[in-house]
Amino acid sequence: FQFMPSVLSFKNAIAFISSGFIFVLIFTLLFGRIYCSSVCPIGIAQDLILRIKSLFKKNVFKYSRPLKIRYFFLVAAVISLIAGNMLVYNILDPYANFGRIMITFFRPLFIFFNNTMGSLLEEYKLYLLFQTPYPDMHFLSLSFAGFYFLLILTMSLKGGRIYCNSLCPVGALLGMLSAKSLLKISMNREKCIQCKKCESLCKASCIDIVNKEIDNSRCVSCFNCLTVCSNNSITYGVAGRSESETAR
């Protein structure tokens with residue numbers, strides 16, 4: 001169910017087993033961008049960074065205007081996929097970049113742990129772990145993985161899910177669909193007292209508390225705003241219906 005790898009597999013060999021992205025599209029049209037908050041490894045990594053940051057400093061977010069540049073990266077990804085240009089595809093694919101980060105920085109750590117434990121066990125005549133050679137490090141791949149990791153880290157620490165709503169082509173596409181999804185988060189303007197609790201917890205920075213609006217094209221369906229709203233002014237339900245029912 002990883003979006004862009006599934007698209008590529010489907011393009012190369014049309015088969016049901018490679019159509020996970022179709023499920024993601026349909027699921028997003030029904031429930032919003034739950035893929036971005038629960039399935040995408042880069043999205044989960046950003047949440048992990050924010051969770052670690054909260055141990056030292058409270059995360060406080062503010063509403064920001066949407067960036068149109070995300071659609072530029074979406075168009076670039078689509079054109080590269082149609083043209084078969086794998087260079088542009090690999091640069092933009094969040095799943096591929098997550099793989100680079102894991103292989104470049106975390107795989108050597110696991111190999112070191114494996115080899116160290118293997119050496120210790122061998123002293124007791126236990127041959128449960130085999131010595132694994134370290135992978136060759138190429139400067140270009142190391143540099144790109146390091147740049148991408150620092151980019152994700154910096155953007156996450158600065159403003160939560162900025163990457164998802166400014167650079168990620170998958171986020172741009174799913175955002176277009178989630179804006180028209182059947183179920184979405186909405187705000188009851190009559191009940192809202194503008195306490196800004198929801199805005200301060202919105203890691204997608206999509207809650208405009210001044211105009212009492214939610215930009216569902218950027219909402220990543222983390223549902224933090226639902227749990228923090230003390231006046232029950234924010235609901236999740238059928239679009240155009242939840243707000244009127246809450247007002248009763």
Side-chain angles (χ1 to χ4, degrees), residues 1-46 64-104 138-156 158-181 204-206 215-221:
F1 295 119
Q2 293 302 330
F3 193 85
M4 293 186 75
S6 175
V7 172
L8 184 62
S9 298
F10 189 80
K11 175 178 176 291
N12 293 337
I14 298 178
F16 177 77
I17 196 172
S18 301
S19 59
F21 74 99
I22 297 178
F23 174 83
V24 174
L25 294 177
I26 296 174
F27 198 81
T28 303
L29 277 172
L30 293 175
F31 305 106
R33 287 173 63 179
I34 294 179
Y35 169 87
C36 296
S37 62
S38 305
V39 180
C40 177
I42 288 293
I44 297 172
Q46 291 174 85
S64 62
R65 295 183 179 277
L67 299 174
K68 301 298 182 181
I69 193 174
R70 53 183 168 162
Y71 300 117
F72 168 79
F73 290 105
L74 172 59
V75 172
V78 172
I79 293 176
S80 69
L81 188 64
I82 295 175
N85 188 328
M86 297 308 298
L87 176 62
V88 178
Y89 170 88
N90 286 325
I91 290 176
L92 296 176
D93 179 19
Y95 185 71
N97 284 308
F98 176 80
R100 289 191 191 95
I101 293 173
M102 295 300 296
I103 291 174
T104 303
H138 298 285
F139 177 77
L140 184 61
S141 60
L142 179 64
S143 300
F144 186 82
F147 169 79
Y148 195 86
F149 177 74
L150 290 176
L151 179 68
I152 294 293
L153 179 65
T154 302
M155 292 184 118
S156 300
K158 184 177 180 181
R161 291 295 193 94
I162 297 179
Y163 170 82
C164 300
N165 288 317
S166 60
L167 301 180
C168 181
V170 178
L173 176 60
L174 298 185
M176 294 170 62
L177 298 179
S178 64
K180 305 295 182 181
S181 64
S205 301
C206 66
D215 183 359
N216 278 280
S217 70
R218 291 188 291 155
C219 175
V220 294
S221 300

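The structure presented is a predicted model; accordingly, all values stated were derived computationally and were not measured. Note that the numbering runs from 1 along the sequence shown for the chain.
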Over all atoms of both residues, closest heavy-atom pair of S141 and T104
O-OG1, 4.4 Å
Do S178 side-chain atoms and R33 backbone N/O form a donor-acceptor pair below 3.5 Å?
no
Hey, what do you get for OG (S166) to CZ (R70), rounding to the nearest 0.5 Å?
9.0 Å
Taking atom SG of C206 and atom CZ of R161, what is their separation to the nearest 0.5 Å?
11.0 Å
One should read off an interatomic distance between R100 CZ and L142 CG, to the nearest 0.5 angstrom, of 13.0 Å
Any non-hydrogen side-chain atom of L29 less than 4.5 Å from a side-chain atom of S181?
no
Gap between atom CD1 of I34 and atom SG of C219 - 0.5 Å precision
9.5 Å
How far does SG of C40 sit from OH of Y35, to the nearest 0.5 angstrom?
5.0 Å
4.5 Å side-chain heavy-atom contact, S143 and H138:
no
Does any part of the side chain of P41, heavy atoms only, come nearer than 4.5 Å to the side chain of Y95, both counted from C-beta?
yes
For V24 and T28, which heavy atoms make the closest approach, and how far apart are they?
O-OG1, 2.7 Å
Show every donor-acceptor pair shorter than 3.5 Å between a side-chain atom in residues 73-81 and any protein atom, with sequence neighbours excluded, or say none if there are none.
unit_1: S80; atom_1: OG; unit_2: A76; atom_2: O; d: 3.3
unit_1: S80; atom_1: OG; unit_2: A77; atom_2: O; d: 2.8

Hey, is CG on L140 packed in by over 12 heavy atoms from elsewhere, all under 6.0 Å?
no
Answer whether the closest heavy-atom distance between the side chains of M176 and Y71 falls below 4.5 Å.
yes
Where do G159 and S205 come nearest, in terms of heavy atoms and distance?
O-OG, 4.1 Å
Taking the side chain as every heavy atom from C-beta outward, state whether R218 and P66 have any atom pair closer than 4.5 Å.
yes
Is there a side-chain contact between N97 and F144, using heavy atoms and a 4.5 Å cut-off?
yes
N/O donor-acceptor pair under 3.5 Å between S37 side chain and V220 backbone:
yes
Looking at I44 and S38, what are the two nearest heavy atoms and their distance?
CD1-O, 3.7 Å
Locate the shortest heavy-atom distance separating S217 from N165; write the atom from each residue and the value.
O-OD1, 4.2 Å
For Y163, all residues meeting side-chain contact (heavy atoms from CB on, under 4.5 Å), sequence neighbours excluded:
I42, Q46, P94, Y148, I152, M155, L167, C168
Close side-chain approach of L25 and L174, heavy atoms under 4.5 Å
yes
Point-to-point distance, once rounded to the nearest 0.5 Å, from CZ of F27 to CG of L177:
13.5 Å
